[in-house]
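Below, each value reflects all heavy atoms present in this structure, side chains not excepted, and no hydrogens, waters or symmetry copies. Reminder, nothing fancy here: chain letters follow the sequence lines and each chain counts from 1.
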Amino acid sequence: MQSNQQFIGAGARELRAFLSGQDPVAIARGLIGMELTTRTDGGLTSGFITETEAYWAPQDRASHAFGGRRTARTEPFFAGAGTSYVYLCYGIHELFNVITGPAEVPHAVLIRAVEPNLGLEEMLRRRHMENLKPQLSRGPGVVSKALGITRIHNALDLLDPASPVQLSFGRAPVMAEDIVATPRIGIDGAGAEWASRPWRFYHRGNRFVSKLNAFR
DNA sequence: ATTCCGATGCGCT
DNA sequence: GCGCATCGGAATA
């Protein structure tokens, strides 16, 4: 699976099959270009996914579900493909993930950046910004801020049309040659073996990407 | 009960 | 490039 092109026009059923039928690294690639939409008091806002990271628990030391750790916090990891996982990072930022793989298999993809689409005015308001700049929605914490995602959106089914946070195939596909792979960000504590894996992906040339070429 | 520290972002130098 | 805000989860006692 090198891009999402085969999914144009497909719906939630096909998306569910994709999210449950691949390894999380393939899915992290495939999610580039797909659309994340939220519905709140502020109306509808959305963005096209430009940057992701794969978290391949139980083996992956960088995952909260490493070793199959199962607590109240990690419960969404085990709920199956298309479930949301939102958690508080550094006491400040709410980070949004898509759970992938079959139920009981704790795979996840972190959404690190999006290109704004619907509801730009509302997103600017949430970010206390006057005009559109790339920092509106590049970085996992500000993606949630811009889209209005908080921990109340944890453990939702992102493919349910009634959900306030939804994932869909989005617009034109992103070709494999336009997806760049680098090591993941901010996981040095997991050790070199895991920190060096090129499991971060971003849309080449897109301004809405948190760190171009982050080799560390 | 206590301690440690993180899948970050922002403002200032 | 650097310091620091800020707080809940999980491990330790």
Participant: Which nucleotide in the set C:dT6, B:dA7, B:dC10 lies at the smallest distance from any side-chain heavy atom of A:Ile92?
Facilitator: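 My answer, after comparing the listed nucleotides, is C:dT6.
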Participant: With centres under 5.5 Å and planes under 30° as the test, does A:Tyr90 stack with B:dG6?
Facilitator: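 The ring of A:Tyr90 is not stacked on B:dG6.
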Participant: Classify A:Thr52 by what it touches in the nucleic acid, base, sugar-phosphate, or nothing, heavy-atom distance under 4.0 Å.
Facilitator: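 Answer is nothing: A:Thr52 stays at 4.0 Å or more from every strand.
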Participant: Under 4.0 Å from OP1 or OP2 of B:dA7: is there any side-chain N or O of A:His93 that close?
Facilitator: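 Answer no for this pair, as no side-chain N or O of A:His93 is under 4.0 Å from OP1 or OP2.
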Participant: Inspect the contact between A:Arg151 and A:Glu94 and indicate whether a charged nitrogen and a carboxylate oxygen are less than 4.0 angstrom apart.
Facilitator: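 Yes.
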Participant: Using a 4.0 Å heavy-atom cut-off across all strands, classify A:Arg61 as base, sugar-phosphate, or nothing.
Facilitator: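 Here A:Arg61 touches no strand at all.
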Participant: Using a 6.0 Å distance limit plus a 45 degree cone around the ring axis, check whether A:Arg171 lies over the aromatic ring of A:Phe48.
Facilitator: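 Checked: cation-pi criterion met.
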Participant: Could you tell me how the ring of A:His64 sits relative to the ring of A:Tyr87: parallel (under 30°), tilted (30 to 60°) or perpendicular (over 60°)?
Facilitator: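 Geometry flag for A:Tyr87 against A:His64: perpendicular rings.
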Participant: Any idea which of B:dA7, C:dC7, C:dG9 is nearest the A:Phe77 side chain?
Facilitator: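 The nucleotide sitting nearest to the side chain is B:dA7.
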Participant: Pairs counted as Watson-Crick or G-U wobble with both distances under 3.5 Å: what dot-bracket string results for DNA chain B, using | for bases tied to another strand?
Facilitator: ||||||.|||||.
Participant: Within 45 degrees of the axis of the six-membered ring of A:Tyr202 and under 6.0 Å from its centre: does A:Arg112 put its NZ or CZ there?
Facilitator: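 No cation-pi geometry.
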Participant: Does A:Arg112 place a side-chain N or O at less than 4.0 Å from the phosphate oxygens OP1/OP2 of B:dA7?
Facilitator: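 A:Arg112 to B:dA7 OP1/OP2: no side-chain N or O under 4.0 Å.
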Participant: Closest approach to the side chain of A:Tyr85, judged atom by atom: which nucleotide of B:dA7, B:dG9, C:dC7 is it?
Facilitator: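 Closest nucleotide among those given: B:dA7.
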Participant: If you only use heavy atoms from C-beta on, which nucleotide in C:dC7, B:dA7, C:dA10 is closest to the side chain of A:Arg73?
Facilitator: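 Looking only at heavy atoms from C-beta outward on A:Arg73, the closest nucleotide is C:dA10.
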Participant: Measure the distance from OH on A:Tyr55 to C1' on B:dG6 and round it to the nearest whole Å.
Facilitator: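 The answer, rounded to whole Å, is 11 Å.
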Participant: Check whether more than 12 heavy atoms from other residues, nucleotides or ligands sit under 6.0 Å from atom CD of A:Gln59, and answer yes or no.
Facilitator: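 Above 12, so yes.
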Participant: In whole angstrom, what separates A:His107's NE2 from B:dA7's P?
Facilitator: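 Taking atom P of B:dA7 as the reference, NE2 of A:His107 is at 18 Å.
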Participant: Reading DNA chain B from 5' onward, which residue's closest nucleotide shows up sooner: A:Gln135 or A:Ser63?
Facilitator: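 Its nearest nucleotide being more 5', the pick is A:Ser63.
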Participant: Given C:dG8, B:dG9, B:dA7, which nucleotide is nearest the side-chain atoms of A:Arg151?
Facilitator: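 Shortest atom-to-atom distance from the side chain points to C:dG8.
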Participant: How does the hydrophobic cluster around A:Leu118 look, that is, which other residues are in it when side-chain heavy atoms under 4.5 Å mark a link?
Facilitator: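 For the cluster that includes A:Leu118, the remaining residues are A:Leu44.
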Participant: Is A:Arg61 atom CZ crowded by more than 12 heavy atoms from other residues, nucleotides or ligands, each under 6.0 Å away?
Facilitator: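 No, not enclosed.
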Participant: Where the side chain of A:Val142 is concerned, which of B:dC10, C:dC7, B:dA7 is the nearest nucleotide?
Facilitator: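 Closest nucleotide to the A:Val142 side chain: B:dC10.
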Participant: Would you say a side-chain N or O of A:Thr71 is under 4.0 Å from OP1 or OP2 of C:dG9?
Facilitator: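 No, outside the criterion.
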